[in-house]
**Student:** 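Mind looking over this structure? Questions follow.
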Amino acid sequence: MPATASITTPIYYVNDRPHIGHVYTTTLCDAWARAMRLRGFDTFFLTGTDEHGVKVEKSAAANGVSPQAWADRNAAEFEAVLRLFQQTNDDFIRTTQPRHERQVQLLVERLRAAGALAKGSFEGWYDEGEETYLTETKAKECDYRSPVSGRPLVRAREENWYFRLSAFAPRLERLFADHPDFVRPAARRNEVLGRLREGLQDVPITRTNFSWGIPMPGDPGHVIYVWIDALLNYVTALGLGDGSQPERNRFWPADYHVVGKEILWFHAVIWPAMLMALELPLPKCVYAHSFWISEGQKMSKSLGNFIDLPALQGYVDRYGLDALRWFLVTRGPLDATDTDFRAAAFHDTYMAELVNTVGNCSSRVSAMIGKTFDGRMPEDPQGGGEWPARCAAAVRAWEGHIDRFELVQATGVAMGLLREVDGFINRTEPFKLAKDPARRGEVGSILAQCAETVRIAGVLLEPFLPVKTVDLAAAFGGVGGDWAQRSRWGALTPGRGLVKVALYPRVETAPAG
RNA sequence: GGCCUGGUAGCUCAGCGGAUAGAGCGUCCGACUCAUAAUCGGAGAGACCUCGGUUCGAAUCCGAGCCAGGCUACCA
């Protein structure tokens, strides 16, 4: 029975327009999920939409439709985006689906039964126009005025159900002490630890000022606050709330919850505490990436410089889907600092890595075999020379990087193999030797070694470049089978067809602006 | 305000106690011509933010400062 692997994106808020952030997070998860499937793991990749809350209720009203109709429309757009970018999610959960709502109520019941909930009163700064509370920090920042209308905030009080987060402080401390990799990267973990030291407050988990949400069981009039509702998606999708999908139980706990840095606290502190209360296992790692900025400027609604769907589509039209995915994964803000999305950098990366390295290397090797060996994989009496060991080491290193969610390093391993092949060709000059019929055997060895290395590098690139690596694999012998077979030296046996490929076309100039 | 990161070649970054500080890209020179005007080699290029400390030895550890960014409880 194969080992399992599971990964999640946050569920996306249907009130937002899809943009580079959503595509980035999803693409990271997709690349990892594809890598694990490639390795033969029993893999589950979950994403979805978060559809409750005041904002949805208000937007729907403003657009003259019901909240459900509004959510349906926008959720459909998020799903369309997944298909557009060829994401391979295994499920798409929506918080308005009956399967989710039913389980959230059961799980909240369980929290209450476990003594993790208490009724209390909440007092805070209330924006009457927006019908929403602002945090103390935010209120202060806005000079105690509504950031929207500018009218003064009022002190308001509400009866709510609270989650007794403070009661979990000792267990959370132990979690962070025992599992230093629970939150990554390390800089983010430090931030969480810093805040943990300041002490934990109980968190309100119900609201009474809107109705678009899941009713609190046994206390109508109270609606379960969107965050609690949303976090639970990770387990409701697997049927853990009501045992409705036993065949999916094996995918919990998740290996990675990949999230943006702004929602780390919920995932790193509130969520594990909820799971402790529910007596469910904790995810192995919450990975918080940073943000993209656009041409040196922070993306914001006021600047109108969001890298939105049309912008992304423009890159795909011009450079192809592989190019976009490659740039996002290899140049993205996977560590604790934001990174810049620049059109010029996108162009340079595409040219240097996909065209001049992946494309050209596979092209020159396949072309020489086409010419010299009639498009058949030649014999190699040298048994691969140093290459089998080098490739085996690369495969092992790649697996380690994937395990640790070091996606950039994983791509680097494959690129390193291709660069070595390019150097090897220049040193051994098979194209020169080919002119001397007496040295045909030698040429065969060289080219066979190159071809097999390129094929293996191509396999390692599949999760990141899912479109063109299909052509690469087909052109380099069409080696099938499982991971062990495909990653093994020698699978491209002599005599197999090997046709010339031209994977990534040159794109002459960087687009203006 | 509090807390957390980072400041290393023109650019993006790796190195985080030990030899002349590295990679990729860009630039310049050379080689080659199988390949997508690609590739390979070489070169140039750095007070490793500043000041002080610890040490036989500091880019690396400690302290202070400067600069940039982040987090501070409902936007990927």
Side-chain angles (χ1 to χ4, degrees), chain A residues 9-13 15-16 18-26 28 50 53-55 132-138 140-141 165 185-195 197-198 200-201 203-204 207 225-228 230 258-266 269-270 288-293 298-301 330-331 333 335-340 342 344-345 348-349 351-372 408-409 412 415-416 419 421-427 429-434 443 447 450 500-506:
Chain A
T9 73
I11 47 176
Y12 302 118
Y13 202 54
N15 235 33
D16 293 337
H19 57 71
I20 189 171
H22 305 101
V23 175
Y24 177 59
T25 311
T26 315
L28 292 175
D50 180 10
V54 237
K55 288 181 188 168
T132 178
Y133 284 91
L134 277 76
T135 64
E136 186 61 42
T137 335
K138 185 85 188 232
K140 198 172 179 182
E141 232 172 66
L165 182 62
R188 296 288 168 217
R189 174 174 181 269
N190 287 345
E191 286 181 0
V192 173
L193 288 177
R195 284 182 60 185
R197 267 181 250 119
E198 291 167 13
L200 292 172
Q201 295 168 31
V203 290
R207 283 292 148 90
Y225 176 47
V226 279
W227 257 112
I228 299 305
V258 181
V259 301
K261 64 184 180 183
E262 83 290 356
I263 54 173
L264 177 58
W265 183 251
F266 299 94
V269 176
I270 297 174
H289 67 245
S290 303
F291 290 165
W292 284 99
I293 57 180
K298 207 166 171 170
M299 285 188 270
S300 72
K301 280 171 192 153
T330 65
R331 301 303 153 96
D335 62 6
T337 45
D338 294 351
T339 56
D340 202 3
R342 289 186 302 119
D348 291 348
T349 302
M351 292 301 285
E353 297 179 350
L354 299 195
V355 177
N356 296 345
T357 305
V358 180
N360 186 62
C361 184
S362 54
S363 168
R364 69 197 298 210
V365 170
S366 56
M368 278 189 278
I369 290 176
K371 265 186 211 170
T372 317
V408 184
Q409 290 86 337
M415 295 301 280
R419 290 199 182 96
V421 167
D422 272 332
F424 183 64
I425 293 171
N426 281 56
R427 277 197 307 281
E429 301 182 311
F431 44 87
K432 257 185 200 169
L433 303 182
V443 176
L447 293 182
C450 291
K500 189 187 162 171
V501 279
L503 300 176
Y504 298 103
R506 298 182 61 78

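Per chain, numbering begins at 1; letters A, B, ... match sequence-line order.
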**Student:** Nearest 0.5 Å please: distance from the OH atom of Tyr24(A) over to the OG1 atom of Thr339(A).
**Tutor:**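 Going from OH on Tyr24(A) over to OG1 on Thr339(A), the span is 6.5 Å.
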**Student:** How many Å lie between CZ on Arg188(A) and P on U72(B), as a whole number?
**Tutor:** 9 Å
**Student:** Can you tell me how far C1' in A58(B) sits from the matching atom in G18(B), rounded to whole Å?
**Tutor:** 10 Å
**Student:** For a quick check of understanding: with a heavy-atom distance under 4.0 Å over all strands, which category does Phe266(A) fall into, base, sugar-phosphate or nothing?
**Tutor:** sugar-phosphate
**Student:** What protein N or O atoms touch nucleotides 63-69 of chain B N or O atoms at under 3.5 angstrom, if any, and at what distances?
**Tutor:**
none

**Student:** Is Arg506(A) near enough to A38(B) that one of its side-chain N or O atoms lies under 4.0 angstrom from OP1 or OP2?
**Tutor:**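 Yes, within the criterion.
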**Student:** Say whether Tyr12(A) and Thr26(A), considering side chains only, have a donor N or O and an acceptor N or O under 3.5 Å apart.
**Tutor:**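 Present: a donor and an acceptor within the cut-off.
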**Student:** Reckon Lys371(A) has a side-chain N or O less than 4.0 Å from the OP1 or OP2 of A35(B)?
**Tutor:** yes
**Student:** Between U20(B) and C29(B), how far apart are the two C1' atoms, rounded to whole Å?
**Tutor:**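 Between the two C1' atoms, the distance is 23 Å.
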**Student:** With distance as the sole criterion, do the side chain of Asn190(A) and the base of U5(B) form a donor-acceptor contact below 3.5 Å?
**Tutor:** no
**Student:** Decide salt bridge (charged side-chain N to carboxylate O under 4.0 Å, His left out) for Arg195(A) and Glu198(A); before the verdict, give the C-alpha distance in whole Å, the side-chain angles of both, and the deciding distance to 0.1 Å.
**Tutor:** CA-CA 5 Å; Arg195(A) 284 182 60 185; Glu198(A) 291 167 13; 5.4 Å; no
**Student:** What's the CG-C1' distance between Asp348(A) and G10(B), to the nearest Å?
**Tutor:** 13 Å
**Student:** Between U39(B) and Asn356(A), is there an OP1 or OP2 to side-chain N/O distance shorter than 4.0 Å?
**Tutor:** yes
**Student:** Got a second to check how far Thr337(A)'s OG1 is from His289(A)'s NE2, nearest 0.5 Å?
**Tutor:** 12.5 Å
